Amino acid sequence: MALSNGEVGATCHELLGAQAHVWNHIFQFINSMSLKCAVQLGIPDVIYNHGQPISLFELIAGLNVHPSKAHFISRLMRIPVHSDFFAQHHHVHHNHDNVEEEEAVVLYSLTPASGLFLEDGPLNTTPFLLMILDPVMTDPFHSMGAWLQMNGGDDLVPRTPFEVANGMPFWELSAKKPRFGDLFNEAMEADSKLIARAVVEECGGVFEGLKSLVDVGGGTGTMAKAIANAFPNINCTVFDQPYVVADLEGTTHNLGFMGGDMFDKIPPANAILLKWILHDWNDEESVKILKKCREAMLQSKNEGRKKIIIIDIVVGYVNNKMLMDKKSIETQLMLDMLMMSTVTSKERSESEWEKIFLAAGFTHYNITHTLGLRSLIEVYL
Ligand SMILES: C[S@@+](CC[C@H](N)C(=O)[O-])C[C@H]1O[C@@H](n2cnc3c(N)ncnc32)[C@H](O)[C@@H]1O
Ligand SMILES: O=c1cc(-c2ccc(O)cc2)oc2c(O)c(O)ccc12
């Protein structure tokens, strides 16, 4: 049969495969939204509180869904079960004579991934899920095409799709709309708890011998608290915008908070921590921040090795080696699009990192890749 445009050389079988691939991508948002719905209903907590694998009947009884909608729950569960957020077992009944009954009961249990959505869990990732899937964050993706067609050289043109959709830049909206700003801070805190544990357990050597550390843009201090607790000899300061740290106080002798602007002056220290900071800024702005870090380390009277510790994404490959699996690289690329949509910035490959280090006057760095999607980069003075 003659092939029309777009079908060149493809068999019917290949076209159906191509369509399945396309549909899988088109429907990806249904995965995230089904997960959001399951978490908002509190399904992980109901399963956890049950203390053992839970039947559909027991699960529905523990949820606040209208009885007329109860039968939808087994449909909702199929997607997160398929994506390994919940495990599904079939329990076969035995009657008194130990003979198998006809119908097996489906039982659900948690997996490590759904364990991250427990309300009182130490690493609760729910704020991150709710923040990323909030219309404030998803609406800009509908404006991305229009934004790309606007003149980037015109100062009156919004700098990001976020601004097109929300009428103001990300940081302004976070400060003006506490509902979203608090959600964003909670999301960052939740991730910091997980990363702090991983950094202290997996990369503890990075902090050995340091006397002082400033966590620049350290938010509400989750990361600095973990470092201060694990290393009582390091004096830690959380440095962030005045409105972020206004009411915060250190809980140990070696932890303090300070308000200021990292583009103006960073307090002197042996080591500067930049966790999820440089991915918020373009190259020119990042070089300015790195130069301010350099000044702060030079002004520090403390002896010992001086370095910037960066926790951020290094996209994909290092020294031509694929660092992680295809799915993790895809997640990194999605985060890069999120940064492009939200705050004019980007996730960088190793060569892009090297470029900004050199531009800021640094020549030596070392990358440790043990933090999942993120890496730890030490940049030496
Ligand atoms: C993406 S958050 C990262 C927070 C924290 N480091 C973490 O990993 O959870 C970026 C932080 O940079 C702070 N920030 C933005 N502009 C700043 C500036 N000019 N001076 C100091 N901090 C700033 C924000 O308030 C925010 O807490
Ligand atoms: O929406 C985000 C998400 C992040 C983010 C997510 C995952 C990571 O491993 C790192 C960062 O960071 C953001 C950010 O820094 C920002 O200024 C705005 C939005 C987000």
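For the numbers below, each heavy atom of this structure counts, side chains included, while hydrogens, waters and symmetry mates do not. Just so you know, these numbers come straight off a predicted model, no measurement behind them. Counting starts at 1 for both ligands and their atoms, in listed order.
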Of the protein's non-hydrogen atoms, which lies at the shortest distance from [atom], and what is that distance?
| atom | answer |
| --- | --- |
| atom 19 (C) of ligand 2 | Phe184 CE1, 3.6 Å |
| atom 16 (C) of ligand 2 | Asp280 OD1, 3.2 Å |
| atom 11 (C) of ligand 2 | His279 CE1, 2.9 Å |
| atom 10 (C) of ligand 2 | Trp276 CE2, 2.6 Å |

N/O separation below 3.5 Å, [X] to ligand 2:
| X | value |
| --- | --- |
| Glu347 | no |
| Trp171 | no |
| Thr342 | no |

### Task
Run the ring-centre check on Tyr108 versus Phe86 and record whether the distance is less than 6.0 Å.
no
### Query
Is the distance between the ring centroids of Trp147 and Phe141 less than 6.0 Å?
no
#### Entry: Basic-acidic side-chain contact under 4.0 Å: Arg197, Glu201
yes
Below 4.0 Å, non-hydrogen atoms only: which portion of [X] touches ligand 2? Side chain, backbone, both or neither.
| X | value |
| --- | --- |
| Ile132 | side chain |
| Phe162 | neither |
| Asp191 | neither |

Side-chain ([X]) to main-chain ([Y]) donor-acceptor, under 3.5 angstrom:
| X | Y | value |
| --- | --- | --- |
| Glu202 | Leu371 | no |
| Glu350 | Val314 | no |
| Asp240 | Val245 | no |

#### Entry: Shortest non-hydrogen separation from Cys293 to Leu274 and the atoms involved
SG-CD1, 4.1 Å
With heavy atoms of [X] as the reference, note each atom of ligand 2 found under 4.0 Å away.
| X | result |
| --- | --- |
| Leu335 | 6 (C), 7 (C) |
| Phe128 | 6 (C), 7 (C) |
| Arg374 | 8 (C), 9 (O) |

### Task
Could you please provide the protein residues found below 4.0 Å of ligand 1 on a heavy-atom basis, arranged by chain and number?
Trp171, Phe184, Met188, Ser192, Gly217, Gly218, Gly219, Asp240, Gln241, Val244, Gly260, Asp261, Met262, Phe263, Lys275, Trp276, Ile277, Asp280, Trp281
### Query
Should Arg159 and Glu163 be marked as a salt bridge (Lys or Arg N to Asp or Glu O under 4.0 Å) after you check the CA-CA gap, both sets of side-chain angles, and the distance that decides it?
CA-CA 7 Å; Arg159 292 185 70 205; Glu163 257 183 87; 5.8 Å; no
#### Entry: Glu295: partners by salt bridge (Lys or Arg N to Asp or Glu O under 4.0 Å), with sequence neighbours left out
Lys292
### Query
How far apart are the C-alpha atoms of Met77 and Gln88, what are their side-chain angles, what is the distance that settles it, and do they pass the side chain to side chain contact (heavy atoms under 4.5 Å, CB included) test?
CA-CA 9 Å; Met77 288 300 282; Gln88 182 177 303; 5.9 Å; no
### Test item, Leu338 contacting ligand 2 (heavy atom, 4.0 angstrom)
yes
### Task
Answer whether the closest heavy-atom distance between the side chains of Ile272 and Ile309 falls below 4.5 Å.
no
### Query
Quick one: does Leu110's side chain get under 4.5 Å of Leu118's, heavy atoms only?
yes
### Task
Indicate whether the side chain of Asp283 and that of Ser286 have a donor and an acceptor atom separated by less than 3.5 Å.
no
### Query
Just going by heavy-atom distances, which of Met339, Lys275, Met137 is nearest to atom 13 (C) of ligand 2?
Met339
